[in-house]
Amino acid sequence: MTRYVALAAVLVLGFVAAAGAADTEVKLVIEKNRFEPDVIKVKAGAPFVLVITNKDKGPEEFDMATPRIEKVIPAGKTVRVKMPALKPGKYPFVGEYHSETAKATIVAE
């Protein structure tokens, strides 16, 4: 019986550790051809997930040069983009279809 209790404890602790290891989610909204927020701060060296919601009536393309990431976000949809761990620094990105107004930066600290 003691073995079963110990096994159950190990399984529960393993599940809790795995759940805690999930990537951080960062919300980003596209509205009126702009990103909100326009500055996103993340922890350097830790992967994360951008959860991008496009509230506009047309699609937008998330376009980042470094690291190279492109993703079309359809109108009225939410898309999850898994981001790699970034070194400390600033990482600008644009909405390729509205690059004059849809500009933002990820800051890894």
Side-chain angles (χ1 to χ4, degrees):
M1 181 66 141
T2 308
R3 282 189 213 173
Y4 293 117
V5 172
L7 179 59
V10 168
L11 290 174
V12 168
L13 290 175
F15 178 75
V16 169
D23 293 338
T24 300
E25 291 189 355
V26 178
K27 294 184 180 186
L28 181 65
V29 174
I30 303 165
E31 190 169 20
K32 298 180 183 172
N33 302 323
R34 297 179 186 278
F35 288 113
E36 181 62 38
D38 62 353
V39 176
I40 298 170
K41 292 187 178 182
V42 298
K43 183 177 179 183
F48 61 99
V49 175
L50 271 181
V51 180
I52 307 172
T53 300
N54 184 354
K55 292 185 176 182
D56 284 340
K57 293 182 180 181
E60 185 59 88
E61 183 173 356
F62 175 88
D63 190 4
M64 178 180 270
T66 304
R68 188 74 194 133
I69 299 172
E70 294 183 8
K71 184 70 176 174
V72 174
I73 317 301
K77 301 291 182 184
T78 298
V79 174
R80 298 168 53 87
V81 179
K82 188 160 177 73
M83 301 292 291
L86 301 172
K87 294 179 182 178
K90 294 182 179 182
Y91 300 85
F93 61 92
V94 298
E96 187 172 314
Y97 304 152
H98 303 93
S99 59
E100 291 301 313
T101 57
K103 300 177 183 181
T105 303
I106 295 174
V107 178
E109 301 178 313

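Values reported hereafter were calculated over all heavy atoms of this structure, with side chains retained and with hydrogens, waters and symmetry mates removed. Residue numbers start at 1 and run along the sequence shown.
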Any Met64 side-chain heavy atom under 4.5 Å of Ile106 side chain: yes
Residue pair Ile69, Tyr91: steps toward the side chain to side chain contact (heavy atoms under 4.5 Å, CB included) verdict: CA-CA 11 Å; Ile69 299 172; Tyr91 300 85; over 6 Å; no
Nearest 0.5 Å, please: how far is CD in Glu31 from NZ in Lys55? 5.0 Å
Are Met83 and Val79 connected, step by step, through hydrophobic side chains (Ile, Leu, Val, Met, Phe, Trp, Tyr) whose heavy atoms are closer than 4.5 Å? yes
Non-hydrogen atoms of Gly95 and Glu60 that approach each other most closely: C-OE2, 3.1 Å
Once the angle between the rings of Phe62 and Phe35 is folded into 0 to 90°, is it parallel (under 30°), tilted (30 to 60°) or perpendicular (over 60°)? perpendicular
OG1 on Thr24 to NZ on Lys43, rounded to 0.5 Å: 8.5 Å
Do side-chain atoms of Asn33 reach the backbone of His98 as a donor and acceptor pair under 3.5 angstrom? no
Between the NZ atom in Lys27 and the OG1 atom in Thr78, the distance rounded to the nearest 0.5 Å is 9.0 Å
Could you measure the distance from the CD1 atom of Ile30 to the CD1 atom of Ile73? Nearest 0.5 Å is fine. 5.5 Å
Any side-chain heavy atom of Lys77 sitting closer than 4.5 Å to one from Asn54? no
Neighbour count above 12 (heavy atom, 6.0 Å) for Glu100 CD: no
How far apart are the C-alpha atoms of Asp63 and Arg68, what are their side-chain angles, what is the distance that settles it, and do they pass the salt bridge (charged side-chain N to carboxylate O under 4.0 Å, His left out) test? CA-CA 8 Å; Asp63 190 4; Arg68 188 74 194 133; 2.9 Å; yes
